[in-house]
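First the structure, in the form of structure tokens, and then the observations on it.
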Amino acid sequence: MDGLQLDTRSPTVNFGEELKDAFKPVNAWVANGIAWLDDIQTFYRERATIEKEYAAKLNLLAKKYFEKKAKKSSSLSVGDTPDMTPGSLEGASLTTWATIITTTESLAKEHDQYSAALTTQVADTLKSISTRYEDFRKRHESLNARFVAERDSVYSDLKKSKSSYDSECKEVEDKRAKVDKSFDSSKAKAEKSYRAELTEMSNIKNTYLVQLNVANRHKQKYYHEDIPDLLNSLQDLNETRVTKLNSLWTLSCQLDATCRQNSLNHLSHTITEIARNIPSLNSAMFLRHNMGGWNEPNDFEFEPSPLWHDTDDIVTDELATVFLRNLLGKSRRGLEAAKAVVESKQREIQGLQKTRDQLKYDEESAQKEIDVTRSLLYNQEELVPHSSKLTTLQVEIQTVLEAVGDVERGTQTHKFKPTTFTIPTNCDLCGERAWRLTGKGSTCKDCGYSCHAKCEMKVPAQCPGVLDKAAKKALKASIAASTPADGVGDGIALSRSNTMNELSAGYAGGGATGPQKTGSKLTKTTSLSLAAGASASAPASASASASASSSSVNTASTTTATVATTAAAAATVAAPRRNRVIAPPPERYVSAPPPEPIAELSAEKEPEVMGRMIYGYTATGVGEISVDGNVDVVILEPDDGSGWITVRADTQSGLVPASYVDASSPPVSPAGRPSSVHSSSNVSISNSTIGSIGSGGGTVKKKGPAVKPKRGAKRVRHVEAVYEYDARTEAEWSMAEGDRFVLVREDGGDGWMEVEKGGVVKSVPANYVQIVD
């Protein structure tokens, strides 16, 4: 300590600028200062007890000697046997003595008042400050935990994105290996699959790179914005505590000085020493002893997959640009809303900070300060997720603009809305089926363009604008007819009949005119090849592939001829045949919708869903009809979970047990069924509710009686999401509000349910879903 001189000036220190990632030591230091207030409070209470006991003893002493003086007053004043009594007069010595005893009583009263003042004005105030500031400190801990959780969540997303990228790279490598191993007959298909996987890898890589920038920005925000602000707030909290502690110390000394004038010099020295305790001196000393060698963590960098050696350049080919354009549009749409929320919260926080600065030194407004400070910290905590979202959107927009420019300008993007496809519907982008449990997707509100949820970000910005129902159907028919096949012919239009039906023909066994064993396999292969085509350059590559294949060996020519023969036979089937279909849940024997008529006919009338009575049924109640066995019926409304469906037989319609009707294979006309096109109908087949058929029919919804048909099955129960939930592990499902799942196991007391979707069983929080049937 030799040569050390104290600087009484107020040093300018800033924890946020000087200390990085030091919340724990700063928080512990502030907590120690707040806990120390309890020791100071105890000191003044014990001092008040001593002063009160001293005052009581002085009072007893004065009373005792007043009584003694009264007994001796006369004798001391005038003697034991005076001639004339002195009355109330006393000698000068007794008067002086009385003054001394009275002064002792006054001293006792002063000490009693000093004891009470120490208790009420110093000790009780210290207790209130300690409780209040400990609450403030804990709320700072909560805010820091929120910051850390938000940062770690972004880091976790980066890790997941990196894992997805590595997995996709492995998939690409596997596809490439299949191309090398494939022969002429399957090489085109393998190359197409490889190109599709390359496109998917590019999108996942771009997502990974975007997430990389997001994580770096969040890291910078955490270390240079969030934590510095929090440290400055803790510094201000501690310095405010020290300032209030100084005022209480000064008050106690002033009370002592008033009580004991003879100790004024000592107390004045103490007050002078207290005045030297500048709050920032404590902070400066702590700062000088806690400045360690801190290095900012390095930015995250792109790590190429060990199976796919790549660079950190964002992919900007045609398909990747479509993905980036959609990402840019989605981020821009969310940016304004996020910015408005953040700015509103920031204005509210600034107003609360100004109010708190005006109140924190006014002890008479202590309760108001408590309310304002709690509201301030609560709003700061509420701002964290919105600020995080705003940062993410800004980084996404900046990253895309730097990579490909403003590719969204001058384009007509689709206005997608979430949709659950309850009838067989093909994705207008990839052509694959979206239905039932896997039927989550999006539909354009203007033109009716439909796609999988996974395909939404790959859809080109080519929306024709608002269309009526007829125009929407014509557009979908045009999309279905213009989609080229990859690898065979010059672009054969895809429809349900030449994909799903021919594929199932290989398993069904066919009728009298069905293809032979070899032909069935070729038909299945051809259908799968046709269903996979999607790019604009597919016809040229398909023609080249077909030419090379036809000129290579005679076997290829034979195969091509067989494929053509099989396709022609499938288009001119004369005898009905039973196709293989995937059955709906066991409690609902309702068939998938029948193939739709060609576009010219479907514009006026929707197709009817047909079924056949397995058993004869005799009506037993109001609203039911009697139908003989083995009779074709039209299904008007499917089973809604009650076990009954509405059908029409001849001219009558009514309710029959759902298990009495076979709707899995509707009859096919002898002339063969026409190829169907994509349906844009919004009518739900599987989730319709049996209600009133109309005022003319008079049928009402009812719960069917206990019917036990021979074909009964165990009832399947479903749950529906009532809140949005993001999965934390791979063993959980992510949910959006309204998502439906098949219930596998109810809550066993651990707060989780097991549900099935797409054949995969995972867990969801039990309080996030409700059982719907």
Side-chain angles (χ1 to χ4, degrees), residues 13-16 18-43 45 122-153 221-223 225-248 279-280 282-283 286-287 290 345-346 348-388:
V13 295
N14 189 304
F15 282 4
E18 303 295 339
L19 299 178
K20 303 295 184 181
D21 198 19
F23 176 81
K24 288 185 177 180
V26 171
N27 181 55
W29 179 64
V30 173
N32 292 336
I34 296 174
W36 182 43
L37 295 178
D38 290 335
D39 294 339
I40 301 175
Q41 173 200 164
T42 304
F43 166 81
R45 291 192 186 278
V122 180
D124 290 346
T125 303
L126 281 170
K127 181 179 179 181
S128 175
I129 292 175
S130 176
T131 303
R132 185 193 321 159
Y133 279 30
E134 179 64 15
D135 178 64
F136 294 165
R137 186 192 64 79
K138 289 181 178 179
R139 292 184 178 273
H140 281 80
E141 281 186 344
S142 176
L143 182 57
N144 177 69
R146 188 63 180 268
F147 283 139
V148 172
E150 198 69 21
R151 180 201 64 184
D152 291 343
S153 176
K221 178 175 178 290
Y222 175 79
Y223 288 111
E225 296 177 19
D226 297 337
I227 289 300
D229 290 344
L230 196 61
L231 293 179
N232 287 338
S233 181
L234 280 175
Q235 179 184 354
D236 179 73
L237 180 66
N238 187 71
E239 292 179 359
T240 304
R241 176 191 62 80
V242 174
T243 300
K244 289 192 175 184
L245 181 59
N246 285 345
S247 66
L248 292 175
S280 57
N282 297 285
S283 300
F286 176 83
L287 179 63
N290 285 271
K345 285 286 184 184
Q346 288 177 341
E348 187 173 357
I349 289 173
Q350 290 174 358
L352 291 171
Q353 287 175 337
K354 292 180 181 179
T355 304
R356 181 177 178 273
D357 291 339
Q358 296 172 358
L359 297 174
K360 63 183 180 181
Y361 294 121
D362 185 4
E363 200 59 38
E364 294 181 358
S365 303
Q367 184 59 46
K368 191 173 182 180
E369 180 198 3
I370 293 174
D371 297 337
V372 171
T373 303
R374 286 177 176 175
S375 180
L376 173 62
L377 294 174
Y378 173 78
N379 278 276
Q380 287 177 334
E381 188 172 347
E382 287 290 306
L383 177 61
V384 172
H386 299 290
S387 177
S388 176

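Keep in mind that this is a model prediction, so the values were computed, not measured.
Annotation: the span from Leu143 atom CG to Asn379 atom CG amounts to 11.0 Å, rounded to 0.5 Å. Separation of atoms CD (Glu382) and OG (Ser375) is listed at 10.5 Å; rounding is to 0.5 Å. Rounded to the nearest 0.5 Å, atoms CZ (Phe136) and CZ (Arg241) are 14.0 Å apart. Atom CD of Glu381 sits about 8.5 Å away from atom CZ of Arg139, to the nearest 0.5 Å. Atoms CD1 and OG1, from Ile34 and Thr131 in turn, are 10.5 Å apart once rounded to the nearest 0.5 Å. Rounding to the nearest 0.5 Å gives a distance of 8.0 Å between CD1 of Ile370 and CG of Asp135.
The residue from Leu237, Thr243, Asp236 that alone fulfils the side chain to side chain contact (heavy atoms under 4.5 Å, CB included) condition with Thr240 is Asp236.
Arg151 forms a cation-pi arrangement with Tyr222, by the criterion of a distance under 6.0 Å to the ring centre and an angle within 45° of the ring axis.
Of all the heavy atoms in Pro385 and Glu150, the pair that sits closest is CA-OE2, 4.2 Å. In plain terms, the two heavy atoms of Leu359 and Ser365 that are nearest each other are CD2-CB, 3.8 Å. In terms of heavy-atom proximity, Ser130 sits nearest to Asp38 at OG-OD1, 3.3 Å. The shortest heavy-atom contact between Gly16 and Leu231 is N-CB, 4.2 Å. A pairwise comparison of heavy atoms in Phe15 and Asn232 identifies N-OD1, 3.6 Å as the closest pair.
Using a 4.0 Å cut-off between charged side-chain N and carboxylate O, Lys368 and Asp362 make no salt bridge. Under 4.0 Å is where a charged nitrogen must lie from a carboxylate oxygen, and between Glu134 and Arg137 at least one such pair does.
Other residues, nucleotides and ligands contribute more than 12 heavy atoms inside 6.0 Å of the NZ atom of Lys345.
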Step-by-step side chain to side chain contact (heavy atoms under 4.5 Å, CB included) determination, His140 to Val30: CA-CA 11 Å; His140 281 80; Val30 173; over 6 Å; no
From CA spacing to verdict: side chain to side chain contact (heavy atoms under 4.5 Å, CB included), Ile129, Leu248: CA-CA 11 Å; Ile129 292 175; Leu248 292 175; 3.8 Å; yes
Test side chain to side chain contact (heavy atoms under 4.5 Å, CB included) applied to Lys127 and Arg45, step by step: CA-CA 11 Å; Lys127 181 179 179 181; Arg45 291 192 186 278; 4.2 Å; yes
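Put simply, the side chain of Leu230 does not reach to within 4.5 Å of the side chain of Glu141, judged on heavy atoms. Side-chain contact between Ser387 and Glu225 is absent, with no heavy atoms from C-beta onward closer than 4.5 Å. Using a 4.5 Å heavy-atom threshold, the side chains of Ile349 and Gln353 count as touching. Using a 4.5 Å heavy-atom threshold, the side chains of Phe23 and Leu234 count as touching. By the 4.5 Å heavy-atom criterion applied to side chains, Val122 and Leu126 are counted as neighbours. Here the side chains of Lys244 and Arg132 are in contact, with some heavy-atom distance below 4.5 Å. Contact of the Val26 side chain with the Gln235 side chain is not registered, since no non-hydrogen atoms from C-beta on lie closer than 4.5 Å. Here the side chains of Asn144 and Asn27 are not in contact, with every heavy-atom distance at 4.5 Å or above.
A distance-only check finds a donor-acceptor pair linking the side chain of Thr355 to the backbone of Gly351 [under 3.5 Å].
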